[in-house]
Asks: 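Got a structure for you, questions after.
Residue numbers start at 1 and run along the sequence shown. Below, all heavy atoms of this structure are taken into account, side chains as well, without hydrogens, waters or symmetry copies.
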Amino acid sequence: MRIVELNENTRKNLLEDLLKRSPNQYTEYEETVAKIIGEVRERGDEALFDYTLQFDKTKINADNIRVTNEEIDAAYREVDAEFLRVLRAAIKNIESYHMLQKRNSWFDTKEDGIILGQKITPVASVGVYVPGGKAAYPSSVLMNVLPAKVAGVEQILMTTPPGKDGRVNPATLVAAKEAGVTQIYKVGGAQAIAALAFGTKSIRKVDKIVGPGNIFVALAKKAVYGHVSIDSIAGPSEILVIADETANPRYVAADLLSQAEHDELASAILVTTSRELAEKVNLEIDAFLTKLSRREILEKSLENYGYLLIAQNMEEAIAAANEIASEHLEIVTENPFEIMTKIKNAGAIFLGEYSSEPLGDYFAGPNHILPTNGTAKFFSPLSVDDFVKKSSIISYSREALEKVHSDIEFFAQAEGLTAHANSISVRFEKEGK
């Protein structure tokens, strides 16, 4: 990995480099995505089946697009008992964490008859997209489905691309069943997003779509936003580690590689006040690369978006971290909790040398669906809040309205909205005669 002194120019170049990874930069695919969405809207299931044959090389029809109970039972027989035990332990942790996010409706009553409040209602239906293809991600199934279940969503539909044999990965199916998915469909890509957004004969329209995917899935979610709600437009994975001279270089190197292995666009950055640590981390990375299975991806990822940045002091390191606003941020310093209080922008923050990023990916409980590409400056991790709607409650008695009706009428008249003013004044017109 390249070792670079952190300064204004290198920080600017780094940010520009990282932003190239954003789905918003891949406009050349938007026309293709728009065509797929349009076809699904117009031809429904027929388009779904055609695109599945074209992209996934498998024949899907109205009879087999939906995963059956028999297929799920078969999946349980294919996964081993240890996987099921670990999966259920993870579910327990994820559910417990998200239960703490749950909010209740509330009301505030005053003596003069004013009642104000907020009514919280779950979204009625959610579509969860789960990537397929070369890898299976049962952990993403849990992270997308469980907060929806905690929120009280009744209908949770899942789409995932089938293999060439027309089957869905057994671990994915078991995770979906354990998490509480209502229905599972064998369809992926932009066509799956279009089906969830607009509905077909086989797949009902949902109110919200969540879940990560490739660039076509990301752009499709962007295109259907407004017809349905979405969680976010996810970009490639990223990790930033803030470390000082007390950090274990072997641990830091391992954590950087844990995200770099996702794909060639993944970003892995160390910001440290110790050049000696950076050099040791570099050596450890080289040693790990000789024995890790995804070496080719790792090397390209580190070559493209891997950095070991040397900061003059911890304040400069913290400022860089806040500007980059990484999806995952590890703080491996002498006093990580003190540093954490100064972090403003990060998707998830991991404190101390025994809180490595994969702990959050699989088991700790907080959600691993996180803002990427600097969007942690204004977006948050997927949560129970993403699966509820909030309605304001307003109730005034005659006595309460009488005290303020003149002020409201004045405000409305100031905006030139006489019908607004009349809606209030008509309730007191007898008093004015």
Side-chain angles (χ1 to χ4, degrees), residues 1 14-15 17-19 21-23 90 93-94 97 131 137 139-140 142-144 147 211-212 231-244 247-248 251-272 281 285 288 292 294 297-298 301-302 304-309 317-333 336-337 339-383:
M1 288 177 70
L14 170 60
L15 290 170
D17 199 27
L18 293 177
L19 286 174
R21 302 153 58 249
S22 169
N93 292 343
I94 296 165
Y97 179 84
Y137 298 101
S139 61
S140 287
L142 303 186
M143 293 296 181
N144 280 285
D231 53 347
S232 62
I233 302 171
S237 189
E238 54 200 30
I239 185 171
L240 187 148
V241 179
I242 296 178
D244 60 16
N248 183 318
Y251 294 173
V252 172
D255 293 356
L256 291 171
L257 292 171
S258 73
Q259 291 308 291
E261 77 170 340
H262 272 293
D263 62 58
E264 296 167 7
L265 294 177
S267 168
I269 300 171
L270 168 66
V271 185
T272 180
V281 167
I285 286 174
F288 278 130
L292 292 172
R294 296 167 69 88
I297 292 174
L298 285 164
S301 171
L302 296 179
N304 293 330
Y305 301 107
Y307 294 87
L308 304 173
L309 301 176
I318 293 168
N322 280 327
E323 196 166 3
I324 294 170
S326 185
E327 177 188 19
H328 306 98
L329 171 64
E330 289 188 9
I331 304 176
V332 193
T333 61
F337 282 87
I339 303 299
M340 181 269 294
T341 63
K342 301 176 183 179
I343 296 298
K344 298 178 180 178
N345 306 318
I349 304 173
F350 301 78
L351 304 175
E353 65 179 6
Y354 294 105
S355 304
S356 66
E357 188 281 334
L359 178 66
D361 270 353
Y362 298 110
F363 207 77
N367 210 289
H368 78 202
I369 309 295
L370 303 166
T372 57
N373 283 109
T375 60
K377 292 178 179 178
F378 44 83
F379 281 144
S380 304
L382 191 70
S383 73

Asks: Test side chain to side chain contact (heavy atoms under 4.5 Å, CB included) on Val271 and Val241; report intermediate values, then the result.
Replies: CA-CA 6 Å; Val271 185; Val241 179; over 6 Å; no

Asks: I'd like to know whether NZ of Lys344 has more than 12 heavy-atom contacts from other residues, nucleotides or ligands below 6.0 angstrom.
Replies: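 12 or below, so no.
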
Asks: So which atom in Ala266 and which in Ser301 form the shortest heavy-atom distance, rounded to 0.1 Å?
Replies: O-OG, 2.8 Å

Asks: Among all residues two or more places apart in sequence or in another chain, which pass the side-chain hydrogen bond (donor to acceptor under 3.5 Å, both in side chains) test with Asp361?
Replies: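 Per chain and number, Asp361 pairs via side-chain hydrogen bond (donor to acceptor under 3.5 Å, both in side chains) with no residue.
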
Asks: Given 3.5 Å as the limit, does a donor-acceptor pair link the side chain of Asn373 with the main chain of Thr375, or not?
Replies: no

Asks: Quick check: do Leu308 and Leu256 have side-chain heavy atoms less than 4.5 Å from each other?
Replies: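 They are in side-chain contact.
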
Asks: List the steps, then state whether side chain to side chain contact (heavy atoms under 4.5 Å, CB included) holds for Val252 with Leu270.
Replies: CA-CA 8 Å; Val252 172; Leu270 168 66; 4.0 Å; yes

Asks: Given the rule in the side chain to side chain contact (heavy atoms under 4.5 Å, CB included) test, do His328 and Leu240 qualify, once you have shown the distances and angles that lead to the verdict?
Replies: CA-CA 6 Å; His328 306 98; Leu240 187 148; over 6 Å; no

Asks: Say you draw a straight line from OH of Tyr305 to CD of Glu264; how long is it, rounded to the nearest 0.5 Å?
Replies: 10.0 Å

Asks: Under a 3.5 Å distance rule, please check whether Asn367 uses its side chain to pair with a backbone N or O of Pro381 as donor and acceptor.
Replies: no

Asks: With Asp255, which residues qualify under side-chain hydrogen bond (donor to acceptor under 3.5 Å, both in side chains), at least two apart?
Replies: none

Asks: Checking the side chain of Asn93 only, and the main-chain atoms of Phe363 only, is there a donor and an acceptor separated by less than 3.5 Å?
Replies: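 At least one qualifying donor-acceptor pair exists.
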
Asks: Run the side chain to side chain contact (heavy atoms under 4.5 Å, CB included) check on Leu359 and Tyr362 step by step: do they pass?
Replies: CA-CA 6 Å; Leu359 178 66; Tyr362 298 110; over 6 Å; no

Asks: Could you give the distance from CD1 (Ile233) to CZ (Phe379), rounded to the nearest 0.5 Å?
Replies: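 Rounded to the nearest 0.5 Å, the CD1-CZ separation comes out at 7.5 Å.
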
Asks: Taking all non-hydrogen atoms of both residues, which atom of Pro366 and which atom of Ala364 are closest, and how far apart?
Replies: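 Smallest heavy-atom distance, with atoms named: CD-C, 3.5 Å.
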
Asks: Where the side chain of Ser355 meets the backbone of Phe350, is there a donor-acceptor pair that is under 3.5 Å apart?
Replies: no

Asks: Would you please name every residue forming a side-chain hydrogen bond (donor to acceptor under 3.5 Å, both in side chains) with Gln259, sequence neighbours left out?
Replies: Ser237, Glu357

Asks: Show the nearest heavy-atom pair for residues Ala376 and Ala325, with the distance to one decimal.
Replies: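 In terms of heavy atoms, the two residues are closest at CB-O, 3.7 Å.
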
Asks: Would you check if Ile285 and Leu302 make a side-chain contact, meaning some heavy-atom pair closer than 4.5 Å?
Replies: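 Sidechains of Leu302 and Ile285: in contact.
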
Asks: Between atom CG of Leu351 and atom CD of Glu330, what is the distance when rounded to the nearest 0.5 Å?
Replies: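 One finds 10.0 Å between CG of Leu351 and CD of Glu330.
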
Asks: Could you tell me the separation between the CD1 atom of Ile269 and the OG atom of Ser326, rounded to the nearest 0.5 Å?
Replies: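 Separation between the atoms: 6.5 Å.
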
Asks: State, with a plain yes or no, whether a side-chain heavy atom of Pro147 is found less than 4.5 Å away from one of Ser383.
Replies: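 Not touching, per the 4.5 Å side-chain cut-off.
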
Asks: Is there side-chain contact between Ile242 and Thr272, with at least one heavy-atom pair below 4.5 Å?
Replies: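 SC-SC contact between Ile242 and Thr272 ruled out.
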
Asks: When rounded to the nearest 0.5 angstrom, what is the spacing between CD1 in Ile331 and CG in Leu329?
Replies: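 One finds 5.0 Å between CD1 of Ile331 and CG of Leu329.
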
Asks: Heavy atoms, side chains only, cut-off 4.5 Å: are Glu327 and Pro371 in contact?
Replies: no

Asks: On a heavy-atom basis, which atom in Gly360 and which in His368 lie closest, and how many Å separate them?
Replies: O-CB, 3.8 Å

Asks: Between Leu292 and Glu261, is there a side-chain heavy-atom distance shorter than 4.5 Å?
Replies: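 Result no, sub-4.5 Å side-chain heavy-atom pair not found.
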
Asks: Could you report the tightest heavy-atom contact between Pro131 and Pro212, atom names first, then the distance?
Replies: CG-O, 3.4 Å

Asks: Output the distance between atom CG (Leu14) and atom CD1 (Ile324), rounded to the nearest 0.5 Å.
Replies: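 The CD1 atom of Ile324 is 4.5 Å from CG of Leu14, to the nearest 0.5 Å.
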
Asks: Which atom pair, heavy atoms only, marks the closest approach of Ala321 to Ile343?
Replies: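 Closest pair (atom of Ala321, atom of Ile343, distance): CB-CD1, 4.3 Å.
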
Asks: Under a 3.5 Å distance rule, please check whether Asn322 uses its side chain to pair with a backbone N or O of Lys342 as donor and acceptor.
Replies: yes

Asks: For Phe378, I'd like to know if atom CZ has over 12 heavy atoms of other residues, nucleotides or ligands within 6.0 Å.
Replies: yes

Asks: With side chains defined as the heavy atoms from C-beta onward, is the minimum distance between Thr333 and Pro336 less than 4.5 Å?
Replies: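 With C-beta onward as the side chain, the pair touches.
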
